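What you see is a predicted model; the values in this text were computed from it and never measured.
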Amino acid sequence: MNIFRLAGDMTHLLSILVLLLKIYATKSCSGISRKTQELYAIVFVARYLDLFTDFISVYNTFMKVVFIASSLAIVWCMRFHPMVRRSYDRELDTFRHYFLVGASFALALILHEKFTVQEIFWAFSIYLEAVAILPQLVLLQRSGNVDNLTGQYIFFLGAYRAFYILNWIYRYLTEPHFTRWIACVSGVVQTALYADFFYYYFISWKNNSKLKLPA
Amino acid sequence: KPPGKHHDEL
(Lines give C-alpha, C1' and ligand atoms only; values in the text may rest on other atoms or scores of the structure.)
Protein backbone atom coordinates (compact mmCIF):
# COMPACT_ATOMS: atom_id res chain seq x y z
CA MET A 1 0.00 0.00 0.00
CA ASN A 2 1.29 3.48 -0.79
CA ILE A 3 -0.02 6.97 -0.16
CA PHE A 4 -1.25 7.37 -3.74
CA ARG A 5 -3.32 4.20 -3.63
CA LEU A 6 -4.70 5.07 -0.18
CA ALA A 7 -5.59 8.56 -1.42
CA GLY A 8 -7.23 6.96 -4.45
CA ASP A 9 -9.29 4.53 -2.39
CA MET A 10 -10.34 7.28 0.04
CA THR A 11 -11.32 9.58 -2.84
CA HIS A 12 -13.30 6.75 -4.39
CA LEU A 13 -15.04 6.10 -1.06
CA LEU A 14 -15.69 9.85 -0.73
CA SER A 15 -17.34 9.96 -4.16
CA ILE A 16 -19.72 7.17 -3.09
CA LEU A 17 -20.48 8.91 0.22
CA VAL A 18 -21.22 12.17 -1.64
CA LEU A 19 -23.61 10.35 -3.95
CA LEU A 20 -25.31 8.57 -1.03
CA LEU A 21 -25.56 11.95 0.75
CA LYS A 22 -27.14 13.56 -2.31
CA ILE A 23 -29.70 10.77 -2.72
CA TYR A 24 -30.44 10.49 1.00
CA ALA A 25 -30.50 14.22 1.79
CA THR A 26 -32.46 15.38 -1.26
CA LYS A 27 -34.41 12.11 -1.75
CA SER A 28 -33.66 12.79 -5.40
CA CYS A 29 -31.40 11.30 -8.04
CA SER A 30 -31.94 14.01 -10.65
CA GLY A 31 -28.81 14.47 -12.71
CA ILE A 32 -27.58 10.98 -11.82
CA SER A 33 -27.39 8.34 -14.54
CA ARG A 34 -28.87 5.05 -13.33
CA LYS A 35 -27.11 3.32 -16.19
CA THR A 36 -23.71 4.43 -14.92
CA GLN A 37 -24.63 3.18 -11.45
CA GLU A 38 -25.68 -0.17 -12.89
CA LEU A 39 -22.38 -0.40 -14.76
CA TYR A 40 -20.46 0.27 -11.53
CA ALA A 41 -22.41 -2.47 -9.76
CA ILE A 42 -21.41 -4.88 -12.55
CA VAL A 43 -17.78 -3.65 -12.31
CA PHE A 44 -17.52 -4.38 -8.59
CA VAL A 45 -19.30 -7.75 -8.70
CA ALA A 46 -17.16 -8.89 -11.65
CA ARG A 47 -13.92 -7.61 -10.11
CA TYR A 48 -14.37 -8.96 -6.60
CA LEU A 49 -15.26 -12.55 -7.45
CA ASP A 50 -12.25 -13.43 -5.28
CA LEU A 51 -13.90 -11.81 -2.27
CA PHE A 52 -14.39 -15.16 -0.52
CA THR A 53 -11.45 -17.04 -1.98
CA ASP A 54 -8.51 -14.64 -1.66
CA PHE A 55 -7.91 -12.83 1.61
CA ILE A 56 -5.49 -9.94 1.02
CA SER A 57 -6.16 -7.83 4.15
CA VAL A 58 -9.00 -6.68 6.35
CA TYR A 59 -8.87 -3.32 4.60
CA ASN A 60 -9.10 -4.95 1.16
CA THR A 61 -12.03 -7.16 2.10
CA PHE A 62 -13.82 -4.36 3.94
CA MET A 63 -13.54 -1.94 1.01
CA LYS A 64 -14.69 -4.60 -1.48
CA VAL A 65 -17.82 -5.22 0.59
CA VAL A 66 -18.45 -1.47 0.90
CA PHE A 67 -18.10 -0.92 -2.86
CA ILE A 68 -20.35 -3.85 -3.78
CA ALA A 69 -22.98 -3.05 -1.14
CA SER A 70 -23.08 0.71 -1.87
CA SER A 71 -23.29 0.32 -5.65
CA LEU A 72 -26.12 -2.23 -5.35
CA ALA A 73 -27.90 -0.04 -2.78
CA ILE A 74 -27.74 2.99 -5.09
CA VAL A 75 -29.14 1.03 -8.03
CA TRP A 76 -31.87 -0.39 -5.78
CA CYS A 77 -32.76 3.12 -4.56
CA MET A 78 -32.92 4.51 -8.07
CA ARG A 79 -35.13 1.65 -9.22
CA PHE A 80 -37.42 0.99 -6.27
CA HIS A 81 -37.32 3.76 -3.66
CA PRO A 82 -40.69 5.52 -4.25
CA MET A 83 -39.38 9.06 -3.71
CA VAL A 84 -36.01 8.65 -5.45
CA ARG A 85 -37.20 6.76 -8.52
CA ARG A 86 -39.67 9.55 -9.35
CA SER A 87 -36.80 12.03 -9.84
CA TYR A 88 -34.87 9.82 -12.24
CA ASP A 89 -34.24 11.57 -15.59
CA ARG A 90 -35.46 8.58 -17.59
CA GLU A 91 -35.77 10.49 -20.86
CA LEU A 92 -32.25 11.95 -20.53
CA ASP A 93 -30.49 8.76 -19.46
CA THR A 94 -30.68 7.06 -22.83
CA PHE A 95 -27.09 5.93 -23.45
CA ARG A 96 -27.16 2.32 -24.74
CA HIS A 97 -24.90 1.09 -21.96
CA TYR A 98 -25.33 -2.61 -22.75
CA PHE A 99 -23.03 -2.00 -25.74
CA LEU A 100 -20.35 -0.98 -23.22
CA VAL A 101 -20.88 -4.25 -21.33
CA GLY A 102 -20.66 -6.33 -24.51
CA ALA A 103 -17.61 -4.54 -25.88
CA SER A 104 -15.76 -4.72 -22.55
CA PHE A 105 -16.46 -8.44 -22.22
CA ALA A 106 -15.40 -9.10 -25.81
CA LEU A 107 -12.15 -7.20 -25.22
CA ALA A 108 -11.58 -9.15 -21.98
CA LEU A 109 -11.87 -12.41 -23.92
CA ILE A 110 -9.04 -11.19 -26.15
CA LEU A 111 -6.88 -9.18 -23.73
CA HIS A 112 -6.41 -10.64 -20.25
CA GLU A 113 -3.59 -11.73 -17.94
CA LYS A 114 -4.64 -15.40 -17.85
CA PHE A 115 -7.43 -17.25 -19.61
CA THR A 116 -9.33 -18.13 -16.43
CA VAL A 117 -12.85 -17.11 -15.44
CA GLN A 118 -11.56 -14.90 -12.62
CA GLU A 119 -8.95 -13.13 -14.77
CA ILE A 120 -11.34 -12.61 -17.68
CA PHE A 121 -13.96 -11.11 -15.34
CA TRP A 122 -11.22 -8.99 -13.73
CA ALA A 123 -10.10 -7.59 -17.11
CA PHE A 124 -13.78 -7.13 -18.08
CA SER A 125 -14.35 -5.08 -14.91
CA ILE A 126 -11.27 -2.94 -15.64
CA TYR A 127 -12.40 -2.14 -19.20
CA LEU A 128 -16.00 -1.56 -18.15
CA GLU A 129 -15.00 0.79 -15.35
CA ALA A 130 -13.04 2.90 -17.85
CA VAL A 131 -16.18 3.62 -19.89
CA ALA A 132 -18.84 3.36 -17.16
CA ILE A 133 -18.93 7.14 -16.68
CA LEU A 134 -20.06 7.77 -20.30
CA PRO A 135 -23.83 7.58 -19.66
CA GLN A 136 -23.36 10.00 -16.75
CA LEU A 137 -21.34 12.50 -18.80
CA VAL A 138 -23.87 12.30 -21.65
CA LEU A 139 -26.72 12.91 -19.20
CA LEU A 140 -24.90 15.97 -17.81
CA GLN A 141 -24.36 17.38 -21.30
CA ARG A 142 -28.07 16.99 -21.94
CA SER A 143 -29.29 18.34 -18.63
CA GLY A 144 -26.86 21.29 -18.78
CA ASN A 145 -26.95 22.43 -15.18
CA VAL A 146 -25.15 20.33 -12.60
CA ASP A 147 -25.99 20.56 -8.92
CA ASN A 148 -23.07 20.88 -6.50
CA LEU A 149 -23.24 17.40 -5.01
CA THR A 150 -23.45 15.76 -8.45
CA GLY A 151 -20.47 17.84 -9.62
CA GLN A 152 -18.45 16.87 -6.55
CA TYR A 153 -19.43 13.22 -7.00
CA ILE A 154 -18.10 13.13 -10.55
CA PHE A 155 -15.01 15.12 -9.64
CA PHE A 156 -14.00 12.66 -6.87
CA LEU A 157 -14.89 9.70 -9.09
CA GLY A 158 -12.49 10.98 -11.76
CA ALA A 159 -9.81 12.01 -9.28
CA TYR A 160 -9.55 8.57 -7.67
CA ARG A 161 -8.28 6.89 -10.83
CA ALA A 162 -5.79 9.74 -11.33
CA PHE A 163 -4.35 8.88 -7.89
CA TYR A 164 -4.18 5.25 -9.02
CA ILE A 165 -2.08 6.29 -12.01
CA LEU A 166 0.40 7.88 -9.57
CA ASN A 167 0.25 4.63 -7.57
CA TRP A 168 1.13 2.56 -10.64
CA ILE A 169 4.03 4.87 -11.49
CA TYR A 170 5.26 4.63 -7.88
CA ARG A 171 4.96 0.81 -7.84
CA TYR A 172 6.65 0.55 -11.24
CA LEU A 173 9.58 2.56 -9.87
CA THR A 174 9.82 0.77 -6.52
CA GLU A 175 8.82 -2.83 -7.19
CA PRO A 176 10.78 -5.20 -9.45
CA HIS A 177 8.81 -6.63 -12.37
CA PHE A 178 5.66 -4.68 -11.46
CA THR A 179 3.59 -4.52 -14.61
CA ARG A 180 -0.14 -3.88 -14.75
CA TRP A 181 -0.60 -2.86 -18.38
CA ILE A 182 -4.29 -3.66 -18.52
CA ALA A 183 -5.11 -1.58 -15.44
CA CYS A 184 -2.66 1.22 -16.36
CA VAL A 185 -3.77 1.80 -19.95
CA SER A 186 -7.43 1.44 -19.00
CA GLY A 187 -6.94 3.81 -16.06
CA VAL A 188 -5.38 6.45 -18.30
CA VAL A 189 -8.29 6.17 -20.75
CA GLN A 190 -10.74 6.38 -17.84
CA THR A 191 -9.14 9.55 -16.45
CA ALA A 192 -8.88 11.09 -19.93
CA LEU A 193 -12.64 10.72 -20.37
CA TYR A 194 -13.05 13.16 -17.47
CA ALA A 195 -10.69 15.69 -19.01
CA ASP A 196 -13.35 18.02 -20.36
CA PHE A 197 -15.46 17.66 -17.21
CA PHE A 198 -12.43 18.52 -15.09
CA TYR A 199 -11.78 21.55 -17.32
CA TYR A 200 -15.31 22.96 -16.93
CA TYR A 201 -15.33 22.01 -13.22
CA PHE A 202 -12.10 23.96 -12.67
CA ILE A 203 -13.39 26.96 -14.65
CA SER A 204 -16.63 27.03 -12.61
CA TRP A 205 -14.63 26.69 -9.39
CA LYS A 206 -12.24 29.52 -10.41
CA ASN A 207 -15.07 31.86 -11.44
CA ASN A 208 -17.09 30.67 -8.47
CA SER A 209 -19.90 30.15 -10.94
CA LYS A 210 -22.38 27.34 -11.47
CA LEU A 211 -20.93 24.35 -13.32
CA LYS A 212 -22.27 24.49 -16.87
CA LEU A 213 -21.33 21.96 -19.53
CA PRO A 214 -21.70 23.09 -23.16
CA ALA A 215 -24.69 21.26 -24.62
CA LYS B 1 4.00 -11.67 -10.43
CA PRO B 2 4.43 -14.56 -7.97
CA PRO B 3 2.12 -17.47 -8.92
CA GLY B 4 -1.31 -17.40 -7.31
CA LYS B 5 -0.79 -13.79 -6.25
CA HIS B 6 -4.08 -12.24 -7.22
CA HIS B 7 -4.92 -8.59 -7.60
CA ASP B 8 -4.07 -6.77 -4.42
CA GLU B 9 -5.57 -3.48 -5.62
CA LEU B 10 -9.23 -2.54 -5.42
For residues 182-190 of chain A, which side-chain N or O atoms pair as donor and acceptor with protein atoms under 3.5 Å away, sequence neighbours left out?
residue, atom, partner, partner atom, Å
Ser186(A), OG, Ile126(A), O, 3.2
Gln190(A), NE2, Glu129(A), OE2, 3.3

Distance-only check: which donor-acceptor pairs under 3.5 Å involve side-chain atoms of residues 193-200 of chain A, not counting sequence neighbours?
none

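Residue Leu10(B) holds its CG atom at 9.0 Å from CZ of Phe44(A), rounded to the nearest 0.5 Å.
At a cut-off of 3.5 Å, with distance as the only test, no side-chain donor of His7(B) or Gln118(A) sits close to an acceptor on the other residue.
For residues 5-14 of chain A, the interface with chain B (any heavy-atom pair closer than 4.5 Å) comprises Arg5(A), Asp9(A), sorted by residue number.
The two residues Asp8(B) and Ile56(A) come nearest to each other via the heavy atoms CA-CD1, 3.8 Å.
Atom CH2 of Trp205(A) sits in a sparse spot, with 12 or fewer heavy atoms from other residues, nucleotides or ligands closer than 6.0 Å. At most 12 non-hydrogen atoms from other residues, nucleotides or ligands lie less than 6.0 angstrom from OH of Tyr24(A). Remark: Phe62(A) CZ is loosely packed, at most 12 non-hydrogen atoms of other residues, nucleotides or ligands lying under 6.0 Å away. Shown here is Phe124(A), whose CZ atom has more than 12 heavy atoms of other residues, nucleotides or ligands within 6.0 Å.
The salt bridge (charged side-chain N to carboxylate O under 4.0 Å, His left out) contacts involving residues 23-32 of chain A comprise nothing, where partners must be two or more places apart or lie in separate chains.
The shortest distance between side-chain heavy atoms of Arg47(A) and Glu9(B) does not fall below 4.5 Å.
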